Amino acid sequence: MAVIEIENLSFTYTGKTEKALDNINLKIGNGEFVVLCGESGCGKTTLLRLLKRSLAPVGEKSGRVLYNGVEISELDERKSVTDIGFVAQNPENGIVTDKVYHELAFGLENLGVDSDEIRRRVAEVCGFFGIGEWYRRDAFSLSGGQKQLLSLASVMVMRPEVLILDEPTAQLDPIAASDFIATLKKINEELGTTVILSEHRLEEVLPLADKAVIMNRAEILTCCTPREAGAKLRELAPEHKMNYSLPSAVKIFSALGGDGECPLTVREGKNFLENNYGNVYGGYDVEKEDYSAREKAIEISGGFFRYERETPDVLSGLDITVYEKEILCILGGNGAGKTTLLKIMSGVKRLYRGKMRVWEKKIKEYGGNSLYLNNIAAVPQDPRTLFVKNSLRADLLQTACLMGSDKAQAEKKVGEIAEKLSVSHLLDMHPFDLSGGEIQKAAFAKLLLTSPRIILLDEPTKGIDGYSKKVFAEMLYELKAQGVTVVIVTHDAEFAAEYSDRCAMFFDGQIVSADNPVNFFSTNSYYTTAASRISRGLYRNAVTADMVVELARKNGTRKGSGANG
Amino acid sequence: MKAFDNFHPVAPFLYFAAVIFVTMFTTHPILLGVSFACAVFTCGMITGAKKTLKSLLYALPVMIVIALTNPLFSHNGVTILFYLNGNPVTKEAVLYGVDISVMITSVFYWFKSYHAVMSGDKFVCLFGSVAPKLALLLSMTLGFLPKLKRKYREIDDAQKALGIYSRKGYLDKIRSKIRVLGILVTCGLESSVETADSMRARGYGLKGRTSYSVFRFTFADAAFVFFTVALTAVICFLAYKGAADFRFYPTVKEINFGLESAALYLSALLLSAAGIFCEIKENTVWRLLKSKI
């Protein structure tokens, strides 16, 4: 039986003429795990919010949304609170109170449940989610992933029948994100809760889902099983931006034009390749590039750093050299201190021991602003923190003025850069209203005004979809061509493999290995790309989906196999 | 601080309120002496002996300054010690100064202990049943402030690493910081919209809200509260009867050791030392229990 039924739903926001949703029809069965995907601004959030009565946006609505046969807006108030749970994107703002236990109890307090019952139900939920150890902690002291798990637990404590999540992993790093998604699967399987989730990190979610709903500009493009998603997308909208976000196995399968059941996971992808393709050409040979002739942009030797006197070292004996005109990706586990490393490089924090040179000059010798002026520029994890004005234009103009241009010059400069990064149409918006991909571009515009020689980026691909990543990488390449050095700290192995010149692994306060991405990822077996895992054993040094496809094409299909690439 | 941590927040709250009340409304040297000694000991047991001893190093000079300030301004009293700039400095005024400095320092130490025991969540729990809305507001604020502080640091670092802070003098620096504060307000508003959504999604505003707390009111709490209230009542009664009367001017009154006064001193000692007693008892019990593990 369908637990949620959407019939001819259209929605227009007050004051807008364009429809945010256009004639949506969708049935979601009891206990299904549904993934809703589509580029940002296609109406995912609007659709999800219309499913939750208290969050329904203001505007003109036609059509019906039924929960167990009852129109959502006519549902009993208490029932709509308990039965339909909603988790939003940003865990930072979803948490209401200061203590973990209070947050867990918050929903039940609102429902008027008595203390003993609350204690029992909270205990139960803590057990299920394995969060009992934080019970008495301050909520703000938790990490991002922990906070999102807490948000989820504090909704689950009300025992919802349907759980709705709006891009819950967008602000999380990949490891926390896959933990979170695993928890969702557990909820779905062990409790039978219906899960509806919008997401653009499809690599992990798609294999778990029962149903994939792909949206395109206010409409549902297709509603199908995850295995059909790749083929349907190719057939209905080959230019759709979601094509860039599909799992590697699906990408490879699609590009090779495979027949039959589409592989979703690494294991299935591996089977597909090994059963269908030969390996006469065993892979790529890569040679190490010679960096010795290049100028050293940043050099740290024997660097030690800690935040406070009594806390342990975050960097301990770190050696790293960043050469001019390269894109260096620094990868490493969660909380390993990668962000700290960037803070050292950008001069926000100083080493307590060891040497750091920028362009062969000691960092101490850069007085005042000279370390930054036409030299180093950094973008933090949340690019929103770069903006201090109420419109992008005002902010950029101010930056240009601060960098020493007069008003007319500044306006010209801002105009040029905005044109170049194609953000001209965003100039009059508030920086906070921009989407993940847009804010990244805006941040770059601000960065370029300082005409930097070294750019430091902290997790630039967090929360942006596959297509925006590609656009972003193109910007990086252009900068590199102009002679800019780029250092990126990231968790995103796929991005590093595809676009970097060198990758370095950060562990235990040191750089443990640094190599070109092909060598780096093909020798790693855990910390590597999905494409590398899929092709391992068959091809040497193939670390991106494109490389695997190219090799497979070159090798051709095996006789008697079903593929026709 | 084992004992106070195990109590329901009501018990320590009432206790500290009682001792601070008694200390503040008397000038009797014996009562203040008892209160002072117990305040320092309690603070030592709760925040650690080393820390308290260190704080005494700062507190003692302050006490001396307070004690010396009084005779400079007050020239009451009959026993003149010497003249300063033509003004008499009297023995009574000096003693009164010492008395007041002891009172102020004891209140300071009681508050120090109170602060260490009553964390934010205990305070919230205390008001949860009386004023649930206020309690929630308090809890939200306690959660919001650290968030805002972290956001400020993030923005500040981001601005710094772009070289936006100009190099010219303090005025520009202040201007830059004001810009950061301005955007911080926008950030705060933005995040509170989402927080409000999260509250509504979980049914805030429904009728019949309850208030949950992790603390349970046990028999031990009841006993402690009863003990505190009873002793405070006894002290108030005896003080009302005049046992706590004391005067410094024009001559210092002799300290009374009559039956009523003795009873007063004893109850004050019992009340002030109750915290220490509980701590010692709990620590011994804990050591005993630990030896069995």
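Throughout, a chain's letter reflects where its sequence line sits, starting with A, and its residues are numbered from 1. Quick caveat: nothing in here was measured; it's all calculated off a predicted structure.
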Chain B contacts, top residue of A:Gln398, A:Lys349, A:Gln381, A:Lys389 (heavy-atom pairs, under 4.5 Å): A:Gln398
Okay, A:Glu103 and chain B: the region with an atom under 4.5 Å from a heavy atom over there is both
Pick whichever of A:Leu386, A:Val87, A:Asp114 has the most heavy-atom pairs under 4.5 Å with chain B. A:Leu386
Atom group of A:Glu92 that falls short of 4.5 Å from chain B, counting heavy atoms: both
Are there more than 12 heavy atoms of other residues, nucleotides or ligands under 6.0 Å from atom CD of A:Glu77? no
Examine whether an atom of A:Leu456 lies under 4.5 Å from a heavy atom of chain B, and if so say whether it belongs to the side chain, the backbone or both; otherwise answer neither. neither
I'd like to verify something: which residue of A:Gly107, A:Pro380, A:Gly112 has the highest number of heavy-atom pairs under 4.5 Å with chain B? A:Gly112
Please check if the number of heavy atoms outside B:Phe111 that lie under 6.0 Å from its CZ is greater than 12. no
Taking every heavy-atom pair that is under 4.5 Å apart, which of A:Leu111, A:Ile95, A:Asn110, A:Thr385 has the most such pairs with chain B? A:Asn110
Contact winner vs chain A - B:Thr210, B:Asp121, B:Thr186, B:Val124, heavy-atom pairs under 4.5 Å: B:Thr210
Select one option (side chain, backbone, both, neither) describing which atoms of A:Asp458 are under 4.5 Å from chain B's heavy atoms. neither
Looking at chain B, which one of A:Asn390, A:Thr97, A:Val348, A:Val96 has the largest number of heavy-atom pairs inside 4.5 Å, strictly under? A:Val96
Can you say whether the rings of A:Tyr101 and B:Tyr212 are parallel (under 30°), tilted (30 to 60°) or perpendicular (over 60°)? perpendicular
Where do A:Leu142 and A:Val100 come nearest, in terms of heavy atoms and distance? CD1-CG2, 4.0 Å
Heavy-atom distances under 4.5 Å only: say whether A:Phe387 touches chain B with side chain, backbone, both or neither. backbone
So, B:Ser55 versus B:Tyr109: side-chain donor-acceptor pair below 3.5 Å or not? yes
Give me the ring orientation class for B:Tyr114 and B:Phe13: parallel if the planes are under 30° apart, tilted from 30 to 60°, perpendicular past 60°. tilted
Within a radius of less than 6.0 Å around CZ of B:Phe277, do more than 12 heavy atoms belonging to other residues, nucleotides or ligands occur? no
Sort A:Arg53 into side chain, backbone, both or neither according to what part of it lies under 4.5 angstrom from a heavy atom of chain B. neither
Under a 4.5 Å heavy-atom cut-off, does chain B meet the side chain of A:Thr450, its backbone, both or neither? side chain
Below 4.5 Å, heavy-atom pairs only: which of B:Gly143, B:Pro146, B:Cys125, B:Gly208 has the largest tally toward chain A? B:Pro146
Measure distances from A:Ala139 to the heavy atoms of chain B and classify the residue's part below 4.5 Å as side chain, backbone, both or neither. neither
Part of A:Leu449 within contact of chain B (heavy atom distance under 4.5 Å): neither
Checking heavy atoms, do the side chain of A:Ser154, its backbone, both or neither come under 4.5 Å from chain B? both
Relative to chain B, which segment of A:Arg384 carries a heavy atom at a distance below 4.5 Å: side chain, backbone, both, or neither? neither
Looking just at side-chain N and O atoms, do A:Asp138 and A:Ser141 make a donor-acceptor pair shorter than 3.5 Å? no
Does the side chain of A:Asn375 pick up a donor-acceptor pair with the side chain of A:Arg453 at under 3.5 Å? no
Just checking, is any N or O donor in the side chain of B:Ser198 or B:Arg202 under 3.5 Å from an acceptor N or O on the other one? yes
When you check the side-chain N and O atoms of A:Lys462 and A:Gln171, is any donor under 3.5 Å from an acceptor? no
Please rank A:Asp382, A:Asp116, A:Val113, A:Ile376 by heavy-atom pairs under 4.5 Å with chain B and give me the top one. A:Val113
Contact part of B:Thr141 toward chain A, heavy-atom cut-off under 4.5 Å: side chain, backbone, both or neither? neither
Pair A:Tyr307 and A:Phe305, ring centroids less than 6.0 Å apart: yes
